[in-house]
Peer 1: 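Before I ask anything, here is the structure I am working with.
What you see is a predicted model, and the numbers here were worked out from it, not measured in a lab. Chain naming here is simple, since letters A, B, ... match the order of the sequence lines and numbering starts at 1 in each.
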Amino acid sequence: MKNIVFICLFLGGCCISAFNPQSQINVMNLKDSHLAFISEFTEKENNIWELQKFETQKELVNMDFQKALEHSQTMCDKLRTKNIELLRDTFQEDENNIRKKDRLLTEIESKILSNSTSQAYESALAAECARNNKMEGMCK
Amino acid sequence: MSINNLLNEIKDESLNELKLEFDSLLKTAKTDNVQYIQNAAHQLEEALVYLEEGKLSIEDVETLLRKQLIHAQIEANKSAIEVQARIQKTALRLLSLSLVFIKEIGKRIL
């Protein structure tokens with residue numbers, strides 16, 4: 001073990017940390033929150049555009065990102081933290097897009113945002129599962 | 001509706017080569033072995049068709065493209081993680097065990 005740590009340090013800093021179930025759960029929860037946010041502001045029966053509701057929901061999702069980032073920062077693994085920051089960037093793209101419209105998304109607009117969002121999270125989840133000691137039940 | 005209609009709207013002749021390159025790259029990307037590249041190309045094509053039909057705005061397509069660029073970084077990180085995890089699991093373990101054995105062999109020789 002001492003040798004592995006030495007070689008890691010020799011290679012230039014922290015190595016990739018092992019699979020962490022909580023990190024995987026955090027990314028899955030962020031995906032659900034992000035997609036629910038898009039759905040919440042999509043045209044459907046009895047749904048109306050409310051700026052206050054938009055701001056409130058946006059803050060709630062941002063808080064989820066903050067918690068996930070804080071958790072990732074406890075594990076000395078820059079790529080894990082970086083991926084959550086990148087996912088947060090995709091959320092900011094979506095919320096800016098919706099905010100500028102100042103109305104609910106059409107079905108097609110919503111589909112385009114949701115599909116690209118889903119695929120980014122799938123890559124981040126696959127990145128979690130690329131780590132050593134992954135739990136088979138939590139990875140495809 | 002097709003992307004060619006959109007490309008034909010670009011009248012600047014200095015961009016002709018870029019239009020050809022774009023068309024060729026899009027076709028290649030749609031059959032790429034890497035799933036991310038294939039998905040990105042299909043999403044882009046779908047979005048451009050919707051743009052041509054007036055169902056998406058330029059800003060919507062720009063948002064999609066920026067998200068795909070961010071997604072590309074996540075994919076690159078995933079590849080880096082896969083490689084580093086393999087180095088940790090195999091190469092580092094092999095080197096560590098080698099150090100242990102070499103020390104033992106050294107003790108016997110000396």
Side-chain angles (χ1 to χ4, degrees), chain A residues 1-8 10-11 14-19 27 77-98 100-101 105-113 115-134, chain B residues 34-103:
Chain A
M1 187 62 199
K2 208 168 88 182
N3 289 332
I4 290 183
V5 171
F6 172 76
I7 295 168
C8 283
F10 176 74
L11 287 174
C14 294
C15 292
I16 293 296
S17 59
F19 179 78
V27 177
D77 187 328
K78 284 180 186 167
L79 287 178
R80 176 175 271 139
T81 303
K82 185 67 192 165
N83 274 355
I84 296 174
E85 285 170 350
L86 289 167
L87 291 172
R88 185 180 58 185
D89 290 346
T90 67
F91 176 69
Q92 281 168 353
E93 285 293 341
D94 287 347
E95 58 108 342
N96 279 338
N97 179 283
I98 300 171
K100 276 184 198 159
K101 289 183 191 300
L105 297 167
T106 64
E107 253 183 59
I108 286 174
E109 290 165 343
S110 180
K111 181 180 82 170
I112 293 291
L113 292 189
N115 287 349
S116 53
T117 295
S118 280
Q119 286 174 11
Y121 281 89
E122 286 308 312
S123 290
L125 288 167
E128 285 294 324
C129 287
R131 296 161 189 280
N132 292 325
N133 307 327
K134 68 177 179 187
Chain B
V34 177
Q35 194 63 45
Y36 160 74
I37 297 174
Q38 216 182 91
N39 289 342
H42 283 292
Q43 277 182 4
L44 175 61
E45 184 178 55
E46 184 184 33
L48 290 175
V49 170
Y50 284 137
L51 176 70
E52 218 260 332
E53 293 173 353
K55 292 173 181 166
L56 285 182
S57 65
I58 293 282
E59 288 75 20
D60 292 328
V61 179
E62 284 175 344
T63 298
L64 173 69
L65 291 174
R66 283 195 298 269
K67 284 178 75 180
Q68 287 187 334
L69 283 172
I70 298 168
H71 186 178
Q73 292 178 64
I74 296 173
E75 273 292 312
N77 287 347
K78 187 185 87 179
S79 301
I81 289 166
E82 281 167 353
V83 170
Q84 289 189 48
R86 278 212 308 279
I87 289 173
Q88 265 177 266
K89 192 173 182 178
T90 311
L92 292 187
R93 185 69 182 146
L94 177 66
L95 296 176
S96 300
L97 289 176
S98 301
L99 282 172
V100 172
F101 292 147
I102 288 295
K103 273 183 193 166

Peer 1: I'd like to verify something: which residue of E128(A), K82(A), K111(A) has the highest number of heavy-atom pairs under 4.5 Å with chain B?
Peer 2: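 Most heavy-atom pairs within the cutoff with chain B belong to K111(A).
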
Peer 1: S123(A) and K78(B): which non-hydrogen atoms are nearest, and at how many Å?
Peer 2: O-CD, 3.7 Å

Peer 1: For L86(A) and I70(B), work out which heavy atoms get closest and say how close.
Peer 2: O-CG2, 3.2 Å

Peer 1: Hey, does L79(A) have a side-chain heavy atom less than 4.5 Å from the side chain of Q84(B)?
Peer 2: yes

Peer 1: So, T90(A) and H71(B): side-chain donor and acceptor under 3.5 Å apart, yes or no?
Peer 2: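 Looking only at side-chain atoms, H71(B) and T90(A) do not form any donor-acceptor pair under 3.5 Å.
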
Peer 1: Quick check for you: to the nearest 0.5 Å, what is the distance between E122(A) atom CD and Q35(B) atom CD?
Peer 2: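 These two atoms lie 11.0 Å from each other.
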
Peer 1: Just verifying a value: how many Å separate R131(A) CZ and Q88(B) CD, rounded to the nearest 0.5 Å?
Peer 2: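 Those atoms lie 9.5 Å apart.
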
Peer 1: Closest approach of E59(B) and N97(A), non-hydrogen atoms and distance?
Peer 2: O-ND2, 4.0 Å

Peer 1: Select, from A126(A), A124(A), A120(A), C129(A), the one with the greatest count of heavy-atom pairs under 4.5 Å involving chain B.
Peer 2: A120(A)

Peer 1: Distance check, rounded to the nearest 0.5 Å: T81(A) atom OG1 versus N77(B) atom CG?
Peer 2: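 It comes to 10.5 Å.
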
Peer 1: Starting from the C-alpha separation in whole Å, work towards a yes-or-no answer on salt bridge (charged side-chain N to carboxylate O under 4.0 Å, His left out) for D94(A) and K67(B).
Peer 2: CA-CA 9 Å; D94(A) 287 347; K67(B) 284 178 75 180; 2.8 Å; yes

Peer 1: Distance from E109(A) atom CD to Y50(B) atom OH, nearest 0.5 Å?
Peer 2: 11.5 Å

Peer 1: Report the distance from atom OG of S116(A) to atom CG of L65(B), rounding to the nearest 0.5 Å.
Peer 2: 10.0 Å

Peer 1: Are the charged groups of K101(A) and D60(B) less than 4.0 angstrom apart, N to O?
Peer 2: yes

Peer 1: For residues I112(A) and L56(B), determine if any side-chain heavy atom of one lies less than 4.5 Å from a side-chain heavy atom of the other.
Peer 2: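 A side-chain contact exists here, since the closest heavy-atom pair is under 4.5 Å.
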
Peer 1: How far apart are the closest heavy atoms of A130(A) and A85(B), and which atoms are they?
Peer 2: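 In terms of heavy atoms, the two residues are closest at O-CB, 3.3 Å.
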
Peer 1: To the nearest 0.5 Å, tell me how far N133(A) CG sits from K89(B) NZ.
Peer 2: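 Nearest 0.5 Å value for the CG-NZ distance: 7.5 Å.
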
Peer 1: What do you reckon, is CD of E107(A) surrounded by more than 12 foreign heavy atoms closer than 6.0 Å?
Peer 2: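 Result for CD/E107(A): open.
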
Peer 1: Please flag which part of I81(B) lies under 4.5 Å from any non-hydrogen atom of chain A: side chain, backbone, both or neither.
Peer 2: both

